[in-house]
Amino acid sequence: MDKLPVIGNPSPTPDVDLGMTPDELEEGIKKLKKERNAVILAHYYQESEIQDLADFVGDSLQLSQAAAKTQADVIAFCGVHFMAETAKILNPTKIVVIPDLEAGCSLADGCPAPVFAKWLEQYPGHKVISYINCSADVKAMSDIICTSSNAVKIVKALGDQKIVFAPDRHLGAFVAKQANRPDIALWQGTCIVHETFSEKRLLGLMAANPDAEVIAHPDCHEGILRHAKHIASTSGLIEYAKKSPAQTFIVATEAGILHKMQQAAPGKKLIPAPPEDESCSCNECPHMRRNTLEKLYLCLRDLKPQVDVPEATRVRALVPIQRMLEMSV
Ligand code: 13P
């Protein structure tokens, strides 16, 4: 299959000004959270002030596990749309809100369900493993969902069954290598953030910091992964930075991770991996950045925008998500 076009940045979103000081905003969010019996779940890629207010911060798998067991009436999901959608699939009777409904994902947007359905026709008898970074409609066509922290384990558990993997071709290639399954058919999607890192500029940084260890998310392309001392999900990278005796790390994933990583590894030097274009902040996900404290306040106050999934799709999408959760205990 030809390489798909990379789905670009979302349109910029105007800042919402509620005329509140940061302290008032924080207090307001805490008060609304109590009144609504809400839980705030946040991904490591969110702005630090959102992470600091969240009840739970984690990677995609940990966030699905937290969503699966919450007793709250309202889930305020500070992440991107597919994450909130997964929480809704697991909690059909709860209200799931997201600060900005347009916080999407290039991987999910680059795998439209009708095109995916057509692509799958080429692979009869294959198990369909889909990265959680996809829409509910694509999940509904999948046998098992995976995240970056359990993808290798899930593929290995399938023995020698024929497999298709979507939508991230870099994660798929990494998994195929780790599981020694070069035959896996890969959908050719990419993440706009992990696609942007420059091998040439990384080599320059490595030369300037010879003691630094490169640590990378498996969504990165091979030009970055080949230099990585450790490749793991966001939670795995934080754990590694904490435990490794190295004092300096070049971190190849979305820059939001640096907040919790620095807290977990105080005193260590964390250098964000460089994007191709020196003048851009391309290592920040523009979708994740759409969520702000102001919009979090508003979504708790107004209980909108809500994330909903049509029931027929939800019921089908739930099956491969539950399989993943069962295989990840
Ligand atoms: P994890 O949360 O599994 O680390 O992956 C984050 C992600 O969405 C990378 O694109």
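Given the structure is predicted, the values throughout are model-derived calculations rather than measurements. One-based numbering, in listed order, for ligands and for the atoms of each.
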A.B. asks: Hey, are His259 and Asp52 close enough side-chain-wise for a donor-acceptor pair under 3.5 Å?
C.D. replies: yes
A.B. asks: Glu254 near ligand 1, heavy-atom distance under 4.0 Å?
C.D. replies: no
A.B. asks: Which residue holds the protein heavy atom closest to atom 8 (O) of ligand 1, what is that atom called, and what is the gap in Å?
C.D. replies: Asn133 ND2, 3.0 Å
A.B. asks: Go through the side-chain N and O atoms of Ser149 and Ser233 and say whether any donor and acceptor fall under 3.5 Å apart.
C.D. replies: no
A.B. asks: Report, in ascending order of atom number, the atoms of ligand 1 lying under 4.0 Å from any heavy atom of Thr234.
C.D. replies: 1 (P), 2 (O), 4 (O)
A.B. asks: Starting from atom 10 (O) of ligand 1, which protein heavy atom do you reach first, and at what distance in Å?
C.D. replies: Asp219 OD2, 2.6 Å
A.B. asks: Nearest to atom 3 (O) of ligand 1, what protein heavy atom do you find, and at what distance?
C.D. replies: Ser148 OG, 2.6 Å
A.B. asks: Is any NZ, NE, NH1 or NH2 atom of the basic residue among Arg201 and Glu276 found under 4.0 Å from an Asp or Glu carboxylate oxygen of the other?
C.D. replies: no
A.B. asks: Just how far is it from atom CD of Glu24 to atom OG1 of Thr21, taken to the nearest 0.5 Å?
C.D. replies: 3.5 Å
A.B. asks: So if I count the atoms of ligand 1 from 1 in the order they appear, which ones are less than 4.0 Å from some heavy atom of Ser233?
C.D. replies: 4 (O)
A.B. asks: Can you tell me if Gln65 and Ser328 form a side-chain donor-acceptor pair at under 3.5 Å?
C.D. replies: no
A.B. asks: If we only consider heavy atoms of Tyr45, is any one of them less than 4.0 Å away from an atom in ligand 1?
C.D. replies: yes
A.B. asks: Students should be able to answer this: which protein heavy-atom is nearest to atom 5 (O) of ligand 1, and at what distance?
C.D. replies: His217 NE2, 3.1 Å
A.B. asks: Answer yes if the side chains of Glu254 and His43 hold a donor-acceptor pair under 3.5 Å, and no otherwise.
C.D. replies: no
